[in-house]
Amino acid sequence: MLSFTDAPSPNFNARRGPPDMLVLHYTGMRTAEEAVARLRDPAAEVSAHYVVDEDGSILKLVVEERRAWHAGRGAWQGETDVNAASIGVEIVNPGHEFGYRAFPEAQIAAVIALVADIRSRWTIPDARIIGHSDTAPERKQDPGELFPWKRLAEAGHGLWFEPAAERIAALGASLSPGDDGLGVIVLRSGLHRLGYALKPGGDYDEETRLTVEAFQRHWRPERVDGVADGETRARLVGLLQLASAESVTGVLN
């Protein structure tokens, strides 16, 4: 059984139903103490259910049956009140603003164990284990490209897909900001089907670029530039197949 330290936050309200989504964040502040203080400050009006420190220790701020205030404005798979539908986990890391760095082994092991523990109590599909940036590509980057999403999926939590070279080659040239036409229509439609709030359309506009960037932070972390090259699109196609098949492992090669 996992060990938690209670650090209650007053920042929560009632849920409308059981959670079926899990959102991972980084704290994005200079220290863990600073982040926890903010998450427990009534004036801040933010919180999370859990905070996982770099040494693997876990704080419990809000009980899972209550709606914590971690996600803010955003959407996933048509759900626009992400807080109402989700459990929020803050992972201590300074983030892109204060010196983004790799997540320590003890911390990642604790996150994986925590996700497994949460899923033992609630029905949370792999396709609804996401990052904060997935819900709000226009304003969020966390937990970012250094978070080991592949390892989480290999442990049985979330989706991951690595396409073969021939699948990448079959998709042809990259799609970039300013492009339009059928390829962009297919791209935007696919991102929308996976869960992003981006609406189908034929223009590779700024919203499309930011959504592709968010997708890459999660599912193609080696390249985070907002350009939908063949590998980015091949990964999207594979993830859509996985999401519809509900793979046992969440991993498809």
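- F103 and Y100 have perpendicular rings, their planes meeting at more than 60° on a 0 to 90° scale where under 30° would count as parallel.
- Contact of the V23 side chain with the I87 side chain is not registered, since no non-hydrogen atoms from C-beta on lie closer than 4.5 Å.
- The same ILVMFWY cluster, assembled from side-chain heavy atoms under 4.5 Å apart, contains both W149 and M21.
- Checked for salt-bridge contact, R121 and E65 miss the test: no charged N lies under 4.0 Å from a carboxylate O.
- Using a 4.5 Å heavy-atom threshold, the side chains of L175 and R188 count as separate.
- The number of heavy-atom neighbours closer than 6.0 Å to CD of E97, taken from other residues, nucleotides and ligands shown, is 12 or below.
- In the hydrophobic cluster analysis, where Ile, Leu, Val, Met, Phe, Trp and Tyr join through side-chain heavy atoms closer than 4.5 angstrom, V212 is grouped apart from V227.
- Contact between A48 and G88 at its shortest, heavy atoms only, is CB-O, 3.7 Å.
- Salt-bridge annotation for R217 and E213: present, with a side-chain N of the basic residue lying under 4.0 Å from a carboxylate O of the acidic one.
- Contact check on D126 versus R119 returns a salt bridge, with a Lys/Arg side-chain nitrogen under 4.0 Å from an Asp/Glu carboxylate oxygen.
- One distance of note links OG1 of T31 with CD of E33; it measures 4.5 Å at 0.5 Å rounding.
- Contact annotation: the side chain of N93 never approaches that of D142 to less than 4.5 Å [non-hydrogen atoms, C-beta and beyond].
- Within the 3.5 Å criterion, the main-chain N or O of S176 finds no donor-acceptor partner in the side chain of R209.
- In this structure, E45 and N11 approach most closely via the heavy-atom pair N-ND2, 4.0 Å.
- The shortest heavy-atom contact between F98 and M29 is CD1-CA, 3.9 Å.
- Considering only heavy atoms from C-beta on, F147 comes within 4.5 Å of L152 through its side chain.
- Residue pairs satisfying the salt bridge (charged side-chain N to carboxylate O under 4.0 Å, His left out) criterion with at least one member in residues 2-21, sequence neighbours excluded, are listed as follows: R16-E79, R16-D81, D20-R128.
- Ring geometry for H70 versus H49: interplanar angle over 60°, hence perpendicular rather than tilted (30 to 60°).
- In this structure the side chain of F215 never reaches within 4.5 angstrom of the side chain of L187, judged on heavy atoms.
- Separation of atoms CD1 (I108) and CD (E54) is listed at 10.0 Å; rounding is to 0.5 Å.
- Atom CH2 of W160 is separated from atom CG of L242 by 12.0 Å, given to the nearest 0.5 angstrom.
- When all heavy atoms of W76 and L194 are compared, the closest pair comes out as CZ2-O, 3.4 Å.
- Counting heavy atoms from C-beta on, the side chains of R139 and R73 come closer than 4.5 Å.
- The shortest non-hydrogen separation linking S120 to D117 is OG-O, 2.5 Å.
- The heavy-atom pair separating P19 from S86 by the smallest distance is CB-C, 4.2 Å.
- Atom CZ of R66 sits in a sparse spot, with 12 or fewer heavy atoms from other residues, nucleotides or ligands closer than 6.0 Å.
- L61 has its side chain out of reach of E90: every pair of non-hydrogen atoms, C-beta onward, lies at least 4.5 Å apart.
- Residue R151 qualifies as enclosed at atom CZ: its count of foreign heavy atoms under 6.0 Å is above 12.
- Between T208 and D203, the closest side-chain pair of non-hydrogen atoms is not below 4.5 Å.
- A donor-acceptor pair is defined here as one N or O able to donate and one able to accept, closer than 3.5 Å; such a pair exists between the side chain of Y204 and the backbone of A228.
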